[in-house]
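Worksheet: one structure, shown below.
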Amino acid sequence: MTEKYNMPDARGHFGPYGGLFVAETLIPPIQELNAAYQQYMNDPEFIAELDADLQHYVGRPSPLYYAERWSRELGGAQIYLKREDLNHTGSHKINNTVGQALLAKRMGKTRIIAETGAGQHGVATATVAARLGLECVVYMGAVDVARQSLNVYRMKLLGATVVAVESGSKTLKDALNEALRDWVTNVDNTFYIIGTVAGPHPYPAMVRDFQAIIGREAKQQCLAQAGRLPDALVACVGGGSNAIGLFYPFIDDESVKLIGVEAAGDGVETGRHSAPLCAGKPGVLHGNRTYLMADEDGEIIETHSISAGLDYPGVGPEHAWLKDTGRAQYVNITDDEALEGFHALTRMEGIIPALESAHAMAYTMKLAPTMRKDEIIIVNLSGRGDKDMQTMARREGIEL
Amino acid sequence: MSRLATTFAELEKTGRKALIPFITAGDPQPDFTVPMMHAMVEAGVNVIELGVPFSDPMADGPVIQRASERALAHKMSLRKTLAVATEFRKTNTTTPVVIMGYLNPIEAMGYEAFADAAQTADIDGVLTVDLPPEEAEECTALLKARGIDPIFLLAPNSTDERIEKMDALGSGYIYYVSLKGVTGAGHLNTADVEHKLQQIKAHTKLPVGIGFGVKDAETAKIVSALGDGVVVGSALISKIEANLDNPTQATNEIIELLTAMRSAMDS
């Protein structure tokens, strides 16, 4: 790569992907948001406030932890974990919500809305809304409300209204539809905090910029601890915010392999999965063009994954671009494999990962043994597993 | 002249306004739609907006969402919606038909294949809810080359600049979404609509159809006087929903409402 990576273009396009595909009523608030984002991302005062919040409220920098025992056990590359699970609220999601909430405050918005799948983004949004004293409404598919009841309770404790969405497949995509309907109705006072690198421009770029702290820290930490850049980065991909956050600062470092891990559910060949990059095709949903899971008529099809956070038929448009250009590679891990990754990390390192992150762990178990002992993998441990205790217990037939 | 241009020109000559019903193709079942379209023409409508059901109708309220779900349960699709229009055209060669829906079914078919299929089905206009002018150039050019009018939305918060953009890129008519929200929502404020229509008319000569919030003969009369036509959707689909076990009754109630609207608008 001779030219520095510089995506998206001014209209939010990553090659043929991304863009601005929304109904007319949303154009003015999106233009307003884009103007504020362009202004404040170059405003030293805003950046200083954001950095202070990330340090003192979120608890950054998050450690880069050398998983020595697990590396030895797998017998190949040395594995480092980027510990986003140690952030306040337990995942990487708060990096973005802190940033967008500061923007909302600067823009004079009094009401925050969000969509959530596993509930991690909903909790991270309810958290910053509580701190800033803003009204908060979180849309969550009724199916997800049932399987992530702990996070629903956390959001309610934080003062948010949680709306169970009963339309469509009652999961993350339907929560996003409902949040868009709310936004179009309440555009004047409402700021929509999208939790992933999808949605209309500028969300994919903006959420990436707020999450890129993950990769910037990891790069410095790896240089400091190992004296060189890693050979591979591994992260799970639903919408893809934790993955792009880790990948982005390394895109121009050609020697570093970027590997995104999608959820194969029951197996890509069964059709019951959430792996649009591995098994979907390009289309338009939720404001951007990207890889989607749709039938031949263009209707979105239902997805499946054991992890609610990966259960989404689309993916951020920048991942679509990185796939097509070959800069990143995308693989998939089934529910059963993810559970193996979950148990392995728990027993080998004493760290219980979120089921989403467990997909990245499971792929690392395949990848590490194929690499030399002097090579380095950084795996994004994007969230902690506390929220998944009920799902795990149910799966193992245990009543809590 | 396109069918839409002819229709609006003739209405203007007689000082009347366009009555534009929206129904979702295939709701509540596929064989309901074509007879319904003919019955609506009998009741005095001027343009028909035919909704293409979509799995994720982000700009629609619960009534039209459920219409989409019912139609999809019968495997209705963009292709089959075009077949409905083709069937309608066999015995009606004058009433304009506008396809209204979301972009992904068109993406899945391919822009050029869709434009060809729409031309073959003798479609008059295409309104794609999530395709604003920013992204619409390619699709719009293909439609215009085939004599199909691309129809765009304007909203209460649209600026002068955007109105000019729609005027340049669109044809047939402009659909003014009279309130911030989803289809079937709330009550519109007549003074606000009147004020906005003055602004829109200052920047475009295209006819303006006003939709969202048109529920009965009285609102149809008031709203139609402010522009060139009214679009009524959720109020009709509610009749279908209330009579799922009795399609004849649904048809009767829809025709009764449209007849009342027509007569109120013409009086």
What option among [options] has the most heavy-atom pairs under 4.5 Å with chain B?
| options | result |
| --- | --- |
| G287(A), A294(A), P28(A), G283(A) | P28(A) |
| P200(A), S169(A), A23(A) | A23(A) |
| V184(A), D174(A), L26(A) | V184(A) |

Verify whether one side chain among H201(A) and E134(B) offers a donor that lies under 3.5 Å from an acceptor in the other.
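Checked: H201(A)/E134(B) side chains show no N/O donor-acceptor pair below 3.5 Å.
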
Can you tell which part of [X] gets under 4.5 Å to a heavy atom of chain B, answering side chain, backbone, both or neither?
| X | result |
| --- | --- |
| D182(A) | neither |
| H286(A) | both |
| E302(A) | neither |

Need one label for [X]: side chain, backbone, both or neither, based on atoms under 4.5 Å from any heavy atom in chain A.
| X | value |
| --- | --- |
| L78(B) | neither |
| R162(B) | side chain |
| I106(B) | neither |

Just checking [X]: does its [atom1] atom have more than 12 heavy atoms from other residues, nucleotides or ligands closer to it than 6.0 angstrom?
| X | atom1 | value |
| --- | --- | --- |
| R79(B) | CZ | no |
| E296(A) | CD | no |
| E137(B) | CD | no |
| E161(B) | CD | no |

Close side-chain approach of [X] to [Y], heavy-atom, < 4.5 Å:
| X | Y | value |
| --- | --- | --- |
| P133(B) | E24(A) | yes |
| F21(A) | V129(B) | no |
| D56(B) | I300(A) | yes |
| N104(B) | L285(A) | no |

Top contributor to chain A interface from P156(B), A108(B), P132(B) [non-hydrogen pairs under 4.5 Å]:
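Of the candidates given, the most pairs with chain A belong to P132(B).
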
Looking at T159(B), L72(B), V177(B), T128(B), which one has more heavy-atom pairs under 4.5 Å with chain A than the rest?
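Option with the greatest count: L72(B).
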
Distance check, rounded to the nearest 0.5 Å: D130(B) atom CG versus L180(A) atom CG?
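Output value for this atom pair is 10.5 Å.
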
Would you name the heavy atoms of N157(B) and V187(A) that are closest together and state the gap between them?
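Taking every non-hydrogen atom into account, ND2-CG2, 4.0 Å.
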
Output yes when a side-chain donor or acceptor of [X] lies under 3.5 Å from a complementary backbone atom of [Y], and no otherwise.
| X | Y | value |
| --- | --- | --- |
| Q65(B) | S167(A) | no |
| R181(A) | D60(B) | yes |
| E299(A) | S55(B) | yes |
| N177(A) | M58(B) | no |

Between K75(B) and D297(A) (salt bridge meaning N to carboxylate O under 4.0 Å), is one present in this structure?
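No, this pair does not count.
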
Step by step, work out the salt bridge (Lys or Arg N to Asp or Glu O under 4.0 Å) result for E135(B) and R289(A).
CA-CA 10 Å; E135(B) 304 283 354; R289(A) 183 180 286 118; 5.2 Å; no

